[in-house]
Amino acid sequence: MAPSRPHSLRRITLLALGLVAIFIWLFSHYQSHAPEGEATAAEEHSPISSTAHGQFWRQLQPLLTRWAPNCEPPGRHAKAESEGFDPKNTQQPPNLTDMSDEDVLKMKHAHRNFVHAITKDPPTLAYRPGTRGIVSTAGGAYLPVLVISLRMLRQTGSNLPMEVFLADWDEYDGYICQVVLPALNAQCVLLSAILDTVPGSTSHIEKYQYKPFAMLFSSFEEILFLDADAFPLHKPEHVFTSDPFRSKGLLTWPDFWRTTTSPLYYVIAGQDRPAPNLRQSTESGEVFLSKRSHLRTLLLVAYYNYWGPGYYYPLLSQGAAGEGDKETFLAAATVFDEPFYQVSEPLRALGRHTNDGFSGSTMVQYSPMEDYALTSNGEWRIKGADVDPPSPFFVHINFPKFNPATVFSENGPVVKEDGSYTLAWTAPEDVLQSFGPHLQRQLWHEIRWTACALEGKSISWKGQTGICDKVEDYWNTVFS
């Protein structure tokens with residue numbers, strides 16, 4: 001005989017309560033047994049509220065404005081030459097910056113007082129202790145490029161969470177932010193939601209200044225900043241747990257060029273001028289940083305970038321190639337004598353030969369662990385050591401961007417002079433061989449997926465058609 005209806009409901013209720021109790025016990029047991037110093041999965045993926053970031057910004061922004069340079073922006077009577085780095089060149093770069101002695105003293109006073117303020121009583125930064133993650137900035141046409149890079153990252157087996165910072169709602173893409181990125185363990189964050197807690201502060205922060213503020217406002221204690229057009233070839237988790245990051249807390253990669261910093265910057269910062277062949281200039285498309293160990297460095301980086309376009313960018317680069325945020329990281333760390341490691345292995349350009357010569361589109365950057373092992377043993381390849389190079393670690397497709405909607409433009413990276421298709425990377429041969437044979441095919445597999453998944457859905461491609469068909473045609477012609 002079937003049980004009565006009330007008796008059946010009682011059994012279902014008791015069963016449900018039992019399952020809830022088991023879930024609560026398992027969840028609390030998992031939390032209590034999480035490794036010391038590491039966050040649980042729930043903590044890692046929960047965002048920091050804009051209110052907490054706003055409280056920090058309301059502490060930092062008044063310091064940035066109180067200790068403004070308070071003088072006329074430096075002038076420049078010529079642009080610095082973008083010369084390749086030569087470890088044998090001991091000639092200091094010339095001073096091409098025009099500033100009166102009075103203005104130099106005003107900037108030095110402001111710099112010293114800001115450094116004193118963040119040393120004595122630094123603002124309280126909001127992040128989740130024990131967490132690691134990836135930070136990027138994107139928006140508009142850069143979002144589809146970031147999707148490709150993120151899918152390449154996931155091919156390494158990495159599941160580090162990512163926070164993608166957009167300037168404001170104008171850059172927000174609902175389909176990418178609400179559907180595509182969450183499926184890849186990533187989320188969009190609006191900088192304006194934080195910066196607008198101090199009215200008028202966004203007028204000082206534009207494109208090349210976003211990077212340090214995205215790093216400041218990210219939820220993670222240890223971060224890998226990645227440009228939207230860069231991706232690793234190996235799991236970045238290995239870098240976080242190895243030297244040199246474990247002992248230094250700040251990692252950068254070199255640019256092609258020598259440093260071109262004005263001697264006036266060192267007067268303003270109260271630093272001795274370093275030897276010109278100490279290291280190469282910095283390419284900041286990839287930066288590893290610990291907020292716990294390098295908080296003061298990051299705060300000073302924010303100061304350099306807040307006042308960057310008019311003051312610190314011209315001082316740190318004097319108009320050389322790539323002038324922007326890139327030199328601010330190591331400059332700030334040096335002021336506080338905080339440790340850092342810049343990979344010594346020079347980056348390599350990837351591209352193809354055209355009728356006009358070699359046309360590069362991509363930078364290749366090398367393993368920090370292998371580079372550190374070599375330099376720790378005194379084997380500096382840039383100074384002639386006859387040892388094998390480190391393995392490639394990052395690919396940075398810096399120019400032009402491999403956006404599926406624009407990559408086939410006339411004389412683009414995959415179109416020959418006669419209009420036929422070609423591989424984007426055909427030289428140098430030794431760099432291509434260091435990747436193995438399948439990297440380009442793997443990249444174009446993700447470009448193909450992105451083109452077909454986003455066409456008709458991404459606002460940056462609004463009104464454009466045939467994007468998927470064009471990539472399919474390229475795929476079938478080149479890879480089938």
Side-chain angles (χ1 to χ4, degrees), residues 63-64 66-71 73-76 80 83 85 87 89-120 122 212 244 248-255 257-284 287 289 293-320 322-344:
L63 294 177
L64 296 172
R66 181 181 181 186
W67 303 118
N70 194 31
C71 65
R76 179 190 298 146
E83 299 178 2
F85 177 74
N89 185 355
T90 59
Q91 183 177 0
Q92 289 283 7
N95 178 40
L96 305 174
T97 302
D98 293 323
M99 288 188 75
S100 68
D101 292 344
E102 181 182 1
D103 284 350
V104 170
L105 287 175
K106 285 180 179 179
M107 280 194 72
K108 182 175 183 177
H109 174 78
H111 185 282
R112 182 175 63 243
N113 280 288
F114 181 81
V115 167
H116 175 74
I118 63 174
T119 301
K120 181 181 178 182
K248 304 295 184 183
L250 172 60
L251 295 185
T252 63
W253 274 258
D255 207 337
W257 323 112
R258 68 180 303 212
T259 57
T260 54
T261 301
S262 167
L264 298 181
Y265 163 76
Y266 299 105
V267 176
I268 291 165
Q271 299 289 302
D272 292 332
R273 194 179 188 188
N277 59 347
L278 181 65
R279 60 178 171 269
Q280 300 153 86
S281 61
T282 302
E283 199 289 305
S284 61
V287 178
L289 182 138
S293 64
H294 284 66
L295 171 61
R296 295 181 305 172
T297 289
L298 188 53
L299 293 173
L300 185 54
V301 169
Y303 178 80
Y304 286 159
N305 281 271
Y306 194 77
W307 299 109
Y311 294 90
Y312 284 98
Y313 295 167
L315 284 166
L316 289 167
S317 293
Q318 299 196 104
E323 181 175 283
D325 64 76
K326 68 195 198 81
E327 306 300 341
T328 62
F329 293 93
L330 300 193
T334 302
V335 167
F336 290 109
D337 197 26
E338 292 184 339
F340 61 84
Y341 186 79
Q342 178 153 294
V343 171
S344 67

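- In this structure a side-chain-to-backbone donor-acceptor pair under 3.5 Å is present from Q318 to P94.
- Between Q271 and V335, the shortest heavy-atom distance links the atoms NE2-CA, 3.7 Å.
- Between G310 and P74, the closest heavy-atom pair is O-CD, 3.3 Å.
- Annotation: side chain of P276 is not in contact with side chain of Q91 (no heavy-atom distance under 4.5 Å).
- Residues V267 and M107 have side chains not in contact (no heavy-atom distance under 4.5 Å, counting atoms from C-beta outward).
- R296 and T119 get closest at one heavy-atom pair: NH1-CG2, 3.7 Å.
- Residues P212 and T328 fail the side-chain proximity criterion, which asks for heavy atoms closer than 4.5 Å.
- A search for side chain to side chain donor-acceptor pair (under 3.5 Å) contacts involving E323 returns R76, not counting sequence neighbours.
- The shortest distance between side-chain heavy atoms of L251 and P244 falls below 4.5 Å.
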Apply the test side-chain contact (heavy atoms from CB on, under 4.5 Å) to residues L105 and D101: give CA-CA distance (whole Å), side-chain angles for both, the deciding distance (0.1 Å), then the verdict. CA-CA 6 Å; L105 287 175; D101 292 344; 5.5 Å; no

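- Closest non-hydrogen pair, A110 versus P69, comes out as CB-CA, 4.2 Å.
- Side chains of D325 and Y313: a donor-acceptor N/O pair is absent below 3.5 angstrom, by distance only.
- W307 places a side-chain N or O within donor-acceptor distance of the main-chain N or O of L64, the cut-off being under 3.5 Å.
- Remark: R112 CZ to K108 NZ distance equals 6.5 Å, nearest 0.5 Å.
- Between the side chain of Y303 and the backbone N or O of L63, no donor-acceptor pair lies under 3.5 Å.
- Put simply, the side chain of H111 never gets that close to the backbone of W67: no donor and acceptor are under 3.5 Å apart.
- Side-chain atoms of L250 and V287, non-hydrogen and from C-beta on, do get closer than 4.5 Å to each other.
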Between L316 and Y265, does the side-chain contact (heavy atoms from CB on, under 4.5 Å) criterion hold? Intermediate values first, please. CA-CA 7 Å; L316 289 167; Y265 163 76; 4.0 Å; yes

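- Atom CZ of residue R273 and atom OG1 of residue T261 lie 8.5 Å apart, to the nearest 0.5 angstrom.
- In R66, the CZ atom is not crowded: 12 or fewer heavy atoms of neighbouring residues, nucleotides or ligands sit closer than 6.0 Å.
- Contact of the S284 side chain with the F329 side chain is registered, since non-hydrogen atoms from C-beta on lie closer than 4.5 Å.
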Run D255 and T282 through side-chain contact (heavy atoms from CB on, under 4.5 Å) and show every step you take. CA-CA 5 Å; D255 207 337; T282 302; 6.0 Å; no

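- Using a 4.5 Å heavy-atom cutoff, the side chains of F336 and L300 are in contact.
- Using the six-membered ring where Trp is involved, Y304 and Y312 have ring planes that are tilted, between 30° and 60° apart.
- Atom-to-atom distance recorded for D98:CG and D103:CG is 11.5 Å, nearest 0.5 angstrom.
- For the atom pair OG1 (T259) and CD (E83), the distance works out to 10.5 Å, reported to the nearest 0.5 Å.
- Atom SG of residue C71 and atom NE2 of residue H109 lie 12.0 Å apart, to the nearest 0.5 angstrom.
- For the pair N95 and S262, the tightest heavy-atom approach, listed with the atom from each and the gap, is OD1-OG, 2.9 Å.
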CA sep, side-chain torsions, deciding dist, call: S293, E338, side-chain contact (heavy atoms from CB on, under 4.5 Å): CA-CA 8 Å; S293 64; E338 292 184 339; over 6 Å; no

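- Side chain of T97 to backbone of L315: no donor-acceptor contact under 3.5 angstrom is found.
- Checked by atom type and distance alone, the side chain of T260 pairs as donor or acceptor with a backbone atom of S317 at under 3.5 Å.
- Q342 places a side-chain N or O within donor-acceptor distance of the main-chain N or O of Q280, the cut-off being under 3.5 Å.
- Looking at heavy atoms from C-beta onward, Y266 lies in side-chain contact with P274 at the 4.5 angstrom threshold.
- Atom CG in N113 sits 11.0 Å away from atom NZ in K120 (nearest 0.5 Å).
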